[in-house]
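First comes the structure, then the notes that go with it.
Throughout, a chain's letter reflects where its sequence line sits, starting with A, and its residues are numbered from 1.
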Amino acid sequence: MKNAPTYEPAAVEARWQRLWEERHVNEPDVDRPRRPFYNLMMFPYPSAEGLHVGNMFAFTGADIYGRFKRLAGYDVFEPIGFDAFGIHSENYALSIGAHPAKLIPQNIATFRRQLRRFGGMFDWRHELSTTDPRYYKWTQWLFLQFFKAGLAFRKRAAVNWCPACKTVLANEQVINGYCERHPDVRVEQRFLEQWFFAITRYAERLLRNLDALDWSESTVAMQRNWIGRSEGAELAFETPGGAVITVFTTRPDTVFGATYMVLAPEHPLVDELTADEQRPVVNAYRREVQTKDIVSRKVGEKTKTGVFLGSYARNPATGEAIPVWIADYVLMEYGTGAIMAVPAHDERDFEFAQQFKLPIVQVVRLQGQALPIVSEEGVLMHSGQFNGLTCRDGAQRIVQWLAGKGLAKAQVQYRLHDWCISRQRYWGPPIPIIHCDRCGPVGVPEKDLPVELPFIEDFRPDDTGVSPLARHREWYFVKCPQCGALGRRETDVSDTFLDSAWYFLRYPSTEFDDRPWDPQRTKTWLPVTTYIGGNEHAVLHLLYSRFVTMALRELGHLHFEEPFPKLRAHGLIIKDGAKMSKSRGNVVIPDAYIQKWGADTVRMYLMFLGPFQEGGDFRDEGITGIRRFLDKVWALAHEAAAAKARPLPPAVEQKLHQTIKKVTADTESLNYNTAIAAMMEYVNEVRSADCGVRSAMEPLLVLLAPYAPHLAEELWGALGHGETIFTAPWPGYDDRIAAGGDVEIAVQVNGKLRGLINVPRGTSQDDVVKRALADAGIRKFVDGKPLRKVVYVQDRLVNLVV
RNA sequence: GCCCGGGUGGCGAAACUGGUAGACGCAUGGGACUUAAAAUCCCAUGGGAGGCAACUCCCGUGCAGGUUCGAAUCCUGCCCUGGGCACCA
């Protein structure tokens, strides 16, 4: 022990990172694995600041799981890549006056270095970047498949427009109605022709399949929420001029209480239904609404505004004429863009009716409740032949009745919208479409893919509202593939979420340039065995990936429809009580910590902060505890290398079996913090028993290998093993040894702990009570009173009730 | 407003299915080693009261109730906090 070398992580880690690469340790046989295990983590966006501890936390947690499975005998494929297209990169490049095409490769190089340094078990042969033409060729191919299948289509849609940036903004870039880069410029609404993917066609399946997925509950809940299924009915309100206003409602039972109607200001029937004397007011209101951006219209001021169109529609239940209004609290993109307003039973309608003095008719009675009564627990009134029915029965009967007259049908509505994939930006894959005056939009022939993103020195958006790509004349004008006439390329690029919606399909097949994914490889590795990532992608990324997979399956390109049968969401690393972000200036870059303490220590420290699936608070203080632990393991292993073999004392042996059991279970369930605590307890035990021998240390090193891979490798070698530790078997345990011979039983009197006794495992209740009553300290509380009841939990506790 | 989490020592956190609350680690205090410091090692550490002492007792898991022999854990109501959604008809 005297001559043990000191633990120098930097040297150990560099050595093993080199050896892993030289010996291809982390590269499974992708063609003929015996037990394939696809261990996927969400790939990073390579920011200019470099990988931060939040990334490292996520990757470490995923990597531990992959290494654990490797030790359990699987051929683990653990790829990594870069999600490098997108507005983020582009805006950052703009802000520092650089070009993303130059910036991104630098960022990726930094990330690559950091990812190697922390010791991830990555198969670098299969690295990918979404900005690589070899990758986005297939992103474009995917678009074409959807286009051919009618799943990609064009539609005019409202977008956020910043008059200062002179470009379209994503919803996330609008902060309370103002541009994120121009805090004093109000964002406006513009209508542009956009490309959409028909995700809503899969709404029901996306929802239904959730039941069968092994996912974190919170993630499932968010997806359910987002899809937002609601059952109700479509009702028809006829107008004197012959036009029919169709509304969606979840409360057809309240139709007798519909005293007015509201259309979204953009509703196509507005012109037709506007009376001449109201036209000036109506037009003024519509203009006003248009200058509001979409986000602030939804989130901002909640005071209701609206104007009367000057015309009426017939309530299909009462037959009465009710006024038709427009108001911006009704949204064109949900339902039919029109509602029947039932002020007595809807808070929004109630507020609106009060403000504009519209009639309020109560049709649901519920004891002790004041209007508006929103609950569905009540009983119908003022509803003709339906009086006295419960809301639920009433709804059904009323829809039936109106359906008989052709004025209603049951309807399911989703909140989910079709996915707008157009971006009037530069830094993304060009949408592979050529517009021809004769043929319309024509797909670029697959043999001409990729449509390479041309290098444009000035990629800044201009005030035309057209993507910068339109300025590149020799790129922009191109022959129509169908008729040969002069056409124009689509100048929008696609959403970054499309890049990431299929990357997991590409990883196993990165070396093929003639197919997006190889059928054999895909059959071998997919669907992904375990996917680990952050809940910030609970909705968009995961939903889009599921949709793309589902659609590809239907088009015959895949053999499965759910890409991620098992998903676990990790928590968030907090710093100084707040989420890490550049704007708060509390982003921690791990490099300095790794340099000072070693990657193994930082990995374990991050995992020890708290439960992996909940996250933790990053502080510098605790890290020494982990390093001390690894120093002890280092010393003990070197001691063991020199020591003679001798049997383990029973207490150490028992602790060893308990530790193997706990670390196995906790690692499988991603409870890394408690697994680490268990290993610490074991090391404390070995030290206090002064028993640093091979049989005590070898199993520990294997348990530790997923957490501190470099150190485990080094010490495994020091104990004389020539092979990597990752070929060793995961240690087993014997439950009987773990349980041990004697047990300590808690003795309670009237539920309060009064003493502890030691008895052999399996002692009967009578004997335990006898032993307990023999103890003076316990008898004192029983105090001669008769035993009323005895509760005995085998080998744990006895409660004497007196 | 709606849907998920979470509230436990000075701090990060443990606690199986209701069964010894605070494992493990940090920090702190004391001691050993050292000329000294660092490192390392040993001991103590939820709060309070009593005792020279080994020790003994009381209180304690956001708050107020309840169920139970027994509640951090289950139930009811409330408070605080993190996240998601948000005029979705």
Study note, to complete from the structure: Between A:Leu609 and A:Thr249, whichever has its closest RNA chain B nucleotide further toward 5' is A:Leu609

**Study point:** Matching residue for A:Tyr605 among A:Phe629, A:Trp597, A:Phe618 - test: ring-ring contact (aromatic ring centres under 6.0 Å, His included)
**Key:** A:Phe618

Practice item. Answer yes or no for A:Arg546 and A:Trp215: cation-pi contact, defined as NZ/CZ to six-membered ring centre under 6.0 Å and angle to ring axis within 45°. Key: yes

Check your understanding: Is the number of heavy atoms from other residues, nucleotides or ligands under 6.0 Å of A:Glu347 CD greater than 12?
Key -> no

Review point. Could you give the CZ-to-C1' distance, from A:Phe618 to B:C26, as a whole number of Å?
Key: 14 Å

Study note, to complete from the structure: Whole-Å distance, A:Leu540 CG to B:C85 C1', equals 12 Å

Check your understanding: Should A:Arg754 be listed as having a side-chain N or O under 4.0 Å from OP1 or OP2 of B:C58?
Key -> yes

Review point. Taking the six-membered ring of A:Phe352, is NZ or CZ of A:Lys304 closer than 6.0 Å to its centre and within 45° of its axis?
Key: no

Exercise for review: Please state the C1' separation for the pair B:G60 and B:G25 - nearest whole angstrom.
Suggested key: 23 Å

Exercise for review: Give the B/S/- string for nucleotides 15-25 of chain B, one per nucleotide from 5' to 3', where a protein heavy atom under 4.0 Å of the base yields B, of only the sugar-phosphate yields S, and otherwise -.
Suggested key: -B--BB--BBS

**Study point:** Rounded P spacing from B:C80 to B:A27 in Å
**Key:** 36 Å

Point to revise | Pair partner, B:G12 [Watson-Crick or wobble, under 3.5 Å] | key: B:C24

Review point. Does a donor on one side chain sit under 3.5 Å from an acceptor on the other, for A:Thr305 and A:Tyr285?
Key: yes

Check your understanding: What integer number of Å spans the C1' atoms of B:C26 and B:G82?
Key -> 24 Å

**Study point:** Ring centre gap for A:Tyr414 and A:Tyr202 strictly below 6.0 Å
**Key:** no

Exercise for review: Tell me what A:Arg627 touches on the nucleic acid: a base, only sugar-phosphate, or nothing, going by heavy atoms under 4.0 Å.
Suggested key: nothing

Study note, to complete from the structure: Testing B:C26, B:A89, B:A13 for proximity to the side chain of A:Phe248, the answer is B:A89

Review point. With both distances under 3.5 angstrom, what nucleotide forms a Watson-Crick or G-U wobble pair with B:U34?
Key: none

**Study point:** Rounded P spacing from B:A54 to B:C42 in Å
**Key:** 23 Å

Point to revise | B:A71 to B:G62 separation - C1' atoms, rounded to the nearest Å | key: 16 Å

Point to revise | C1'-based separation of B:G47 from B:U8 [nearest Å] | key: 14 Å

Exercise for review: Look through every strand shown and name the nucleotide pairing with B:C74 as Watson-Crick or G-U wobble, where both distances are under 3.5 Å.
Suggested key: B:G66

Practice item. Find the distance A:Leu572:CG to B:G84:P and express it as a whole number of Å. Key: 9 Å

**Study point:** Summary of side chain to side chain donor-acceptor pair (under 3.5 Å) pairs that have at least one residue in residues 678-687 of chain A, sequence neighbours excluded
**Key:** A:Lys655-A:Glu681

Review point. Taking NZ from A:Lys789 and P from B:C69, how many angstroms apart are they, rounded to a whole number?
Key: 5 Å

Point to revise | salt bridge (charged side-chain N to carboxylate O under 4.0 Å, His left out) assessment of A:Glu377 paired with A:Arg392 | key: CA-CA 8 Å; A:Glu377 299 304 315; A:Arg392 268 175 262 280; 3.1 Å; yes

Revision key, fill the gap. Scanning all shown strands, the Watson-Crick or wobble mate of B:A49 with both distances under 3.5 Å is B:U56

Check your understanding: Should the ring pair A:Phe57 and A:His570 be called parallel, tilted or perpendicular, given that the plane angle runs from 0 to 90° and is split at 30 and 60?
Key -> perpendicular

Check your understanding: If the P atom of B:A72 is compared with that of B:A64, how far apart are they to the nearest Å?
Key -> 14 Å

Check your understanding: Which value, in whole Å, describes the distance between the P atoms of nucleotides B:A21 and B:C58?
Key -> 13 Å

Point to revise | RNA chain B-proximal residues of residues 216-224 of chain A, any heavy atom under 4.0 Å | key: A:Ser218, A:Met222

Point to revise | Between P of B:G83 and CD1 of A:Ile573, the distance in whole Å | key: 15 Å

**Study point:** Rounded interatomic separation in angstrom, taking OH from A:Tyr672 and C1' from B:G12
**Key:** 19 Å

Practice item. For the pair A:Lys661 and A:Asp734, find out whether any cationic side-chain nitrogen is under 4.0 Å from an anionic carboxylate oxygen. Key: no

Practice item. May I ask you to check whether A:Trp419 and A:Tyr544 place their ring centers less than 6.0 Å from one another? Key: yes

Point to revise | Nearest-Å distance for atom pair CZ/P, residues A:Phe629 and B:C41 | key: 13 Å

Check your understanding: In the structure shown, which nucleotide is the Watson-Crick or G-U wobble counterpart of B:G5, with both distances under 3.5 Å?
Key -> B:U81

**Study point:** Atom pair distance, as rounded to whole Å: CZ in A:Phe350 and P in B:G1
**Key:** 18 Å

Point to revise | Conformer about C1'-N of B:G77 - syn within 90° of 0, anti elsewhere | key: anti

